Amino acid sequence: MEHLNIVNHPLIQHKLTLMRRRETPTAIFRQLLKEISMLLAYEGTRDLELTSRQIETPLMEMEAPALAGKKLALISILRAGNGLLDGVLELVPSARVGYIGLFRDETTLQAVEYYFKVPTELEDRLVIAVDPMLATGNSVIAALDRLKEAGAQRIRFLCLLAAPEGVDKLRHCHPDVPVFTAALDERLNEKGYILPGLGDAGDRLYGTK
Ligand code: URA
């Protein structure tokens with residue numbers, strides 16, 4: 001699997017354009033993020049291992065495919081991660097869910113942790129961490145450090161937008177974690193925002209400022 005996977009399906013690209021527009025209202029923004037996250041999760045889980053089980057259709061018995069192994073662990077990096085989590089959970093409703101609370105120190109741009117609660121037996125699960133914006137990479141790198149400390153061995157990261165600076169840093173710190181994103185944007189501005197981007201994902205999701 002590639003380190004960076006840009007999922008450029010036409011439906012995702014169209015929905016992303018709507019999300020980027022300044023005038024897109026909160027409710028539509030949230031709905032679009034949910035729809036895109038389902039499509040990203042579809043790609044990000046394409047190689048899940050299957051086993052087979054004996055079932056009975058109304059007509060006959062058959063050996064039918066079913067997901068193998070323990071339930072997935074979805075980890076939302078608060079708070080904007082919850083916007084992606086909702087869509088992924090819709091696709092994989094039986095997944096276990098964890099939350100990592102990090103805020104960005106606006107002067108150093110470093111991630112500071114304030115909450116950590118994740119499912120048990122992370123070492124036996126495929127772990128999918130979600131956060132819409134891969135900007136400096138500091139938050140996701142801190143989150144992945146903590147997930148590995150907690151036992152996670154197989155991790156993927158799903159985001160909506162990525163900046164080249166964040167992708168490079170993440171590849172350097174966690175080369176074993178594939179990234180799935182809808183777009184690779186141009187660069188970061190001096191405040192660590194992605195350009196052209198879509199602004200502050202958390203504020204746009206929840207209508208805060
Ligand atoms: N976080 C955001 O919400 N937006 C950015 O552009 C960068 C980080």
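All ligand and atom numbering here is 1-based and tracks the order in the structure. Predicted model only: the values in this text are computed from it and were never measured. Only this structure's heavy atoms are used, side chains among them; waters, hydrogens and symmetry mates stay out.
The number of heavy-atom neighbours closer than 6.0 Å to CZ of F116, taken from other residues, nucleotides and ligands shown, is above 12. Atom CD of Q54 is surrounded by more than 12 heavy atoms from other residues, nucleotides or ligands within 6.0 Å.
At distances below 3.5 Å, not a single donor-acceptor pair connects side-chain atoms of R53 with backbone N or O atoms of A66. Of the possible donor and acceptor atoms, one in the side chain of E165 sits under 3.5 Å from a partner among the backbone N and O of L188. Put simply, the side chain of T24 never gets that close to the backbone of M19: no donor and acceptor are under 3.5 Å apart.
Annotation: atom 8 (C) of ligand 1 to nearest protein heavy atom, A135 CB, 3.7 Å. If you check which protein heavy atom lies closest to atom 4 (N) of ligand 1, you get G199 O, 2.8 Å. The protein heavy-atom contact nearest to atom 5 (C) of ligand 1 is Y193 CD2, 3.3 Å. Atom 3 (O) of ligand 1 has as its closest protein heavy atom A201 N, 2.7 Å.
Polar contact with ligand 1: present for I194 (N/O pair, distance under 3.5 Å). Between M133 and ligand 1, not a single N/O pair is under 3.5 Å apart.
The side-chain tip of R79 does not point at the ring of Y206 from less than 6.0 angstrom away and within 45° of straight on.
Shown in contact with G192 at under 4.0 Å from a heavy atom are these atoms of ligand 1, numbered in order with element: 7 (C).
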